[in-house]
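Everything on this sheet refers to the single structure shown next.
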Amino acid sequence: MRKLTSLFVLLLTVLFATSAFAAAGDLLVYAPKSSKLVMGANLGALKPSPLYRDMMTFVRSRPAFNEFLTFLEQDGGLNVDRDIDSLMVAMPEVSMTPNQASGQDTLSLAVRGKFDRTKLIAALTKRSPDHKVEGEGPTARHLVGEFTLAFITDTDLVMTVGDPGFQAKTWTATQNKKESALSNKAISAMSPKVNLTRGMWLIGLTDGLPQNGAKMNVAGLTVDLVSGLKVDIVGTMNSKEDVKKSLEDFENLKKEASNPMVAMMGATPLVTNLKSSSKGLDIMVTTNMTATELQNMVTMLKSSLAAGSQPMAPNVPGDKQPTSTPAPTKGADADFN
């Protein structure tokens with residue numbers, strides 16, 4: 001099968017390997033200016049989707065996220081499904097494959113929701129009375145194991161983990177908007193082209209990635225999952241020649257709709273419904289599939305990833321569903337205990 005373009009790989013990464021939750025667009029103010037990948041999820045727009053539970057299960061398979069969410073729920077009395085409105089994840093590098101995304105252990109996470117700040121800080125102190133505290137007052141930063149977290153406002157919680165330099169830039173951004181992703185020229189230029197109110201969105205700076213063929217400098221993506229799957233992709237290319245070549249690549253990709261490998265992944269409707277256009281150095285691509293088609297693709301991709309990224313044949317009526325245990329993913333060790 002023809003190699004998928006970088007944008008298509010980004011789509012699969014967001015759907016099935018997402019470090020992948022992020023937040024309402026205004027949470028970008030908490031992402032460092034140096035971020036190369038920012039992703040958001042508006043949970044209110046995702047909860048009606050039949051895939052919401054599957055996505056939350058996948059997120060909880062990440063040790064860092066699971067430990068953090070467990071603390072919020074068990075110690076802070078927070079109901080994640082009810083009380084969290086949106087999330088935003090910022091990373092210093094772009095992850096182009098599921099393995100890279102799941103192995104990313106440096107990130108900043110901003111959460112907007114209905115928090116009882118006093119209760120959560122008290123719970124944190126009770127569980128880890130010797131943890132370090134930087135600053136004073138309600139916005140003080142708490143250092144617990146590999147994590148640093150702070151309540152920036154009554155509704156916004158920011159957590160960092162991983163590289164100390166990236167963490168420091170995150171806290172600088174929370175104090176100075178000029179040091180946030182909003183002041184990153186490439187991100188700010190792409191933001192108006194990406195609907196940050198959709199279920200999930202992504203902006204990635206891809207100019208530094210190795211790319212065969214057409215070169216894309218910035219990628220933007222939005223995903224709706226309420227009724228099937230609707231995807232809008234925007235890519236800012238490096239030159240007019242790259243625009244032309246990229247459009248040709250997407251047209252060639254449509255020819256793969258009849259490829260048995262595409263059918264085995266359940267992706268035929270996604271490929272068949274591709275539509276592409278361009279404006280200046282931007283290419284715009286849309287595609288969609290029904291809820292039934294989406295569920296089938298998710299099932300096939302899960303099987304493929306569990307088997308080491310080898311596409312598996314569709315289940316035949318009467319066949320038993322194979323059972324598998326997901327391989328452990330790398331994540332920062334959490335130590336709330």
- Who pairs with E134 by salt bridge (charged side-chain N to carboxylate O under 4.0 Å, His left out), at least two apart in sequence or on another chain? R141

- Query: Mind checking whether W201 and T197 have side chains closer than 4.5 Å, heavy atoms only?
  - Reply: no

- Item | Non-neighbouring partners of K119 that pass side-chain contact (heavy atoms from CB on, under 4.5 Å), sequence neighbours left out | D116

- Mind checking what makes side-chain contact (heavy atoms from CB on, under 4.5 Å) contact with S277, not counting sequence neighbours? M284

- Note on the structure: Looking only at heavy atoms, the pair that brings G266 and M297 closest together is O-CB, 3.4 Å

- Item | Residue pair V158 / W171: nearest heavy atoms and the distance that separates them | O-CH2, 3.4 Å

- Task: Could you tell me the separation between the CZ atom of F166 and the OG atom of S108, rounded to the nearest 0.5 Å?
- Result: 4.5 Å

- Item | T272 (side chain) donor-acceptor with T268 (main chain) under 3.5 angstrom | yes

- Message: For the CE atom of M200 and the OG atom of S86, what is their distance to the nearest 0.5 Å?
- Response: 14.0 Å

- Query: Do L143 and L149 share a hydrophobic cluster (ILVMFWY, side-chain heavy atoms under 4.5 Å, transitive)?
  - Reply: no

- Query: How far does CD1 of I152 sit from CG of L27, to the nearest 0.5 angstrom?
  - Reply: 11.0 Å

- Evaluate the side-chain proximity of L196 to L28: yes if any heavy-atom separation is below 4.5 Å, no if none is. yes

- Query: Out of D156, T174, T170, T160, which residue meets the side chain to side chain donor-acceptor pair (under 3.5 Å) rule with Y30?
  - Reply: D156

- Query: Does any non-hydrogen side-chain atom of V38 lie less than 4.5 Å from one of L202?
  - Reply: no

- Message: Going by the rule salt bridge (charged side-chain N to carboxylate O under 4.0 Å, His left out), which residues pair with D83 if we only count those two or more places apart in sequence or in a different chain?
- Response: none

- For residues 218-229, pull every pair meeting side chain to side chain donor-acceptor pair (under 3.5 Å), keeping only residues two or more places apart or in separate chains. R198-T222, R198-D224

- Item | Heavy-atom pair of closest approach, residues T155 and F115 | O-CE1, 3.2 Å

- Message: For R112, run the side chain to side chain donor-acceptor pair (under 3.5 Å) check against T153, D26, D85 and tell me which one passes.
- Response: D26

- Is the shortest heavy-atom distance from the side chain of P32 to the side chain of T172 under 4.5 Å? no

- Should M216 and Q211 be marked as a side-chain contact (heavy atoms from CB on, under 4.5 Å) after you check the CA-CA gap, both sets of side-chain angles, and the distance that decides it? CA-CA 8 Å; M216 173 182 59; Q211 301 178 57; 3.6 Å; yes

- Query: Does L120 reach the side chain of R117, with side-chain heavy atoms less than 4.5 Å apart?
  - Reply: no

- Item | By side-chain contact (heavy atoms from CB on, under 4.5 Å) - contacts of K245 (at least two apart) | A214, E248, D249

- Item | Pairing residues for T148 by the side chain to side chain donor-acceptor pair (under 3.5 Å) criterion, not counting sequence neighbours | Q167

- Message: I'd like to know if the side chain of E256 reaches the main chain of V262, judged simply by a donor and an acceptor atom lying under 3.5 Å from each other, with no hydrogens or angles considered.
- Response: no

- When rounded to the nearest 0.5 Å, the distance separating CG of D207 from CG of L209 is 7.5 Å

- Note on the structure: Note: S180 and V29 closest approach over all heavy atoms is CB-O, 3.2 Å

- S128 side-chain N/O to L124 backbone N/O, donor-acceptor pair under 3.5 Å: no

- Task: Calculate, to the nearest 0.5 Å, the distance between atoms CG and CD belonging to L281 and E241 respectively.
- Result: 12.0 Å

- Message: Nearest 0.5 Å, please: how far is CG in L229 from OG1 in T287?
- Response: 7.0 Å

- Query: For K178, what residues pass the side-chain contact (heavy atoms from CB on, under 4.5 Å) criterion, not counting sequence neighbours?
  - Reply: N176, S183

- Message: Between T286 and V231, is the side-chain contact (heavy atoms from CB on, under 4.5 Å) condition met? List the steps.
- Response: CA-CA 6 Å; T286 65; V231 179; over 6 Å; no

- Item | Pairwise side-chain contact, L182 with S188, heavy-atom cut-off 4.5 Å (strictly under) | no

- T290: side chain to side chain donor-acceptor pair (under 3.5 Å) partners, not counting sequence neighbours: E293

- Note on the structure: When every non-hydrogen atom of A186 is compared with those of V218, the smallest separation belongs to CB-CG2, 4.0 Å

- Message: Does this structure show an ion pair linking K230 with D232, if we count only N-O contacts that are shorter than 4.0 Å?
- Response: yes

- Message: Quick one, T236 and M190 - any side-chain contact, counting heavy atoms below 4.5 Å?
- Response: yes

- Query: Residues two or more places apart in sequence or in another chain: which of them pass salt bridge (charged side-chain N to carboxylate O under 4.0 Å, His left out) with K193?
  - Reply: D282

- What residues form a side chain to side chain donor-acceptor pair (under 3.5 Å) with S278, not counting sequence neighbours? none

- Of all heavy-atom pairs linking A173 and E179, the shortest is CB-O, 3.7 Å

- Parallel, tilted or perpendicular: which fits the ring planes of H142 and H131, with parallel below 30° and perpendicular above 60°? tilted

- Query: Looking at residues at least two apart in the chain, or sitting in another chain, which of them share a salt bridge (charged side-chain N to carboxylate O under 4.0 Å, His left out) with R82?
  - Reply: none

- Item | pair K215-N217: side-chain heavy atoms closer than 4.5 Å | yes

- Test L205 against N184 for side-chain contact (heavy atoms from CB on, under 4.5 Å), laying out the working first. CA-CA 10 Å; L205 310 188; N184 182 307; 3.9 Å; yes

